[in-house]
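Count residues from 1 along the sequence.
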Amino acid sequence: MVWGGAEAVSALRQMADPSIRLVEWGHKISFAYVTSDGITEHQLTGLARHIALTGQLLCSSCQGIFIDTDDRAVVDAFCIQFLPVLEAAVQDYVEQLGIGIRSQLALQLYHEQLETLYQDQKIYKAAHCSLIARSDQVLEPAIRFGNAWVKGLPRTELLSVLRPYKNYLQTAGLLCGADETDELVQLLWRASVLRVCPAERMSGTYNGAPHDGEFALRRYTRIVSFEQD
């Protein structure tokens, strides 16, 4: 059994005998998807609380936020609106982090500020959190502990952008209007997202929930039969 990134899995495959079955548990990544109708106080507060409670450490934690738009101005406006909501949710949790982690976060944010000289991105920073508005559509990990990227991704481009990440997708937190839910859930499923739920439930669980979209016991068992004359 192996848990890790593509390099770890590839290395173990080279080491293992061809007759040995390799059970892989790789990295997964999750995100929030927001439409204009989903920008409500209730839904934004739920997303912020989720980010604060998980520290963005879980495979099901929100790393970044895709906005249903191709207008960079809309992305920037969302950052301005969401930043104080996120700050209110994370401030108590971030203050409990050790000095080492806080120093690491400060260095990572400083690096991102330097990158603004070379990349089309803008950092919206509060006392205990930040949002990084970017023009690309790359699905990537965030800095963690109250720091997330925000990017535009029109629903018409969901499949083409997300399908290349099909082996890494896990959870999508959906912030949208009630009349948009069915359409967006179907698109996210077709893009290979394993679980779609309200943002505040992204890291929630339920009895019998599959791990990374699979019932794990099946990976450790085999079906056998015996036929008697």
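Under a cut-off of 6.0 angstrom, the local environment of NZ in K122 is sparse, with at most 12 non-hydrogen atoms contributed by other residues, nucleotides or ligands. Within 6.0 Å of the OH atom in Y168, the count of heavy atoms belonging to other residues, nucleotides or ligands does not exceed 12. The number of heavy atoms from other shown groups lying within 6.0 Å of CZ (R155) is above 12. Enclosure of atom CZ in R219 by more than 12 non-hydrogen atoms of other residues, nucleotides or ligands within 6.0 angstrom is indicated. Surrounding CZ of R49 are at most 12 heavy atoms belonging to other residues, nucleotides or ligands under 6.0 Å away. Taking a 6.0 Å sphere around CG of N207, one finds it holds 12 or fewer heavy atoms contributed by other residues, nucleotides or ligands.
Contact check on K125 versus E112 returns no salt bridge, with no Lys/Arg side-chain nitrogen under 4.0 Å from an Asp/Glu carboxylate oxygen.
Remark: I80 CD1 to L131 CG distance equals 10.5 Å, nearest 0.5 Å. Considering OG of S61 and NZ of K28, their distance stands at 15.0 Å, rounded to 0.5 Å. Going from atom CZ of F31 over to atom OG1 of T171 covers 9.5 Å, rounded to the nearest 0.5 Å. To the nearest 0.5 Å, the span separating NE2 on H42 from CG on L175 amounts to 9.0 Å. In this structure, L187 CG and L162 CG are separated by 9.5 Å, a value rounded to the nearest 0.5 Å. How far CD of Q63 is from CG of L57: 8.5 Å, rounded to the nearest 0.5 Å.
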Begin with the C-alpha distance, continue with both residues' side-chain angles, and end with the deciding distance and a verdict on side chain to side chain contact (heavy atoms under 4.5 Å, CB included) for I65 and F78.
-> CA-CA 10 Å; I65 304 165; F78 175 86; 3.9 Å; yes

Working for side chain to side chain donor-acceptor pair (under 3.5 Å), residues H128 and E87 | CA-CA 6 Å; H128 303 93; E87 171 70 10; 2.7 Å; yes

For the pair Y165 and V138, evaluate side chain to side chain contact (heavy atoms under 4.5 Å, CB included) and give the outcome as yes or no after the intermediate values.
-> CA-CA 10 Å; Y165 301 99; V138 176; 3.7 Å; yes

Decide side chain to side chain contact (heavy atoms under 4.5 Å, CB included) for L12 and E24; before the verdict, give the C-alpha distance in whole Å, the side-chain angles of both, and the deciding distance to 0.1 Å.
-> CA-CA 10 Å; L12 194 61; E24 303 173 15; over 6 Å; no

D71 and T69: CA distance, side-chain angles, deciding distance, side chain to side chain donor-acceptor pair (under 3.5 Å) verdict = CA-CA 5 Å; D71 187 347; T69 184; 5.3 Å; no

Decide yes or no on side chain to side chain donor-acceptor pair (under 3.5 Å) for Q121 and R134, but give the supporting numbers first.
-> CA-CA 4 Å; Q121 66 178 29; R134 291 178 175 150; 2.8 Å; yes

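Ring geometry, W3 versus H27: the interplanar angle exceeds 60°, so the pair is classed perpendicular (tilted spans 30 to 60°).
Note on I101 and L107: separate hydrophobic clusters, where clusters join Ile, Leu, Val, Met, Phe, Trp and Tyr whose side-chain heavy atoms are under 4.5 Å apart, directly or indirectly. No continuous path of hydrophobic side-chain contacts links L53 to I51 [ILVMFWY only; heavy atoms under 4.5 Å]. Residues L139 and V34 do not share a hydrophobic cluster, defined by chaining ILVMFWY side chains whose heavy atoms lie under 4.5 Å apart. There is a path of hydrophobic side-chain contacts, each under 4.5 Å, that joins V85 to I123.
Across T35 and G177, no two heavy atoms sit closer than the pair OG1-N, 4.0 Å.
In this structure the side chain of L158 reaches within 4.5 angstrom of the side chain of L153, judged on heavy atoms.
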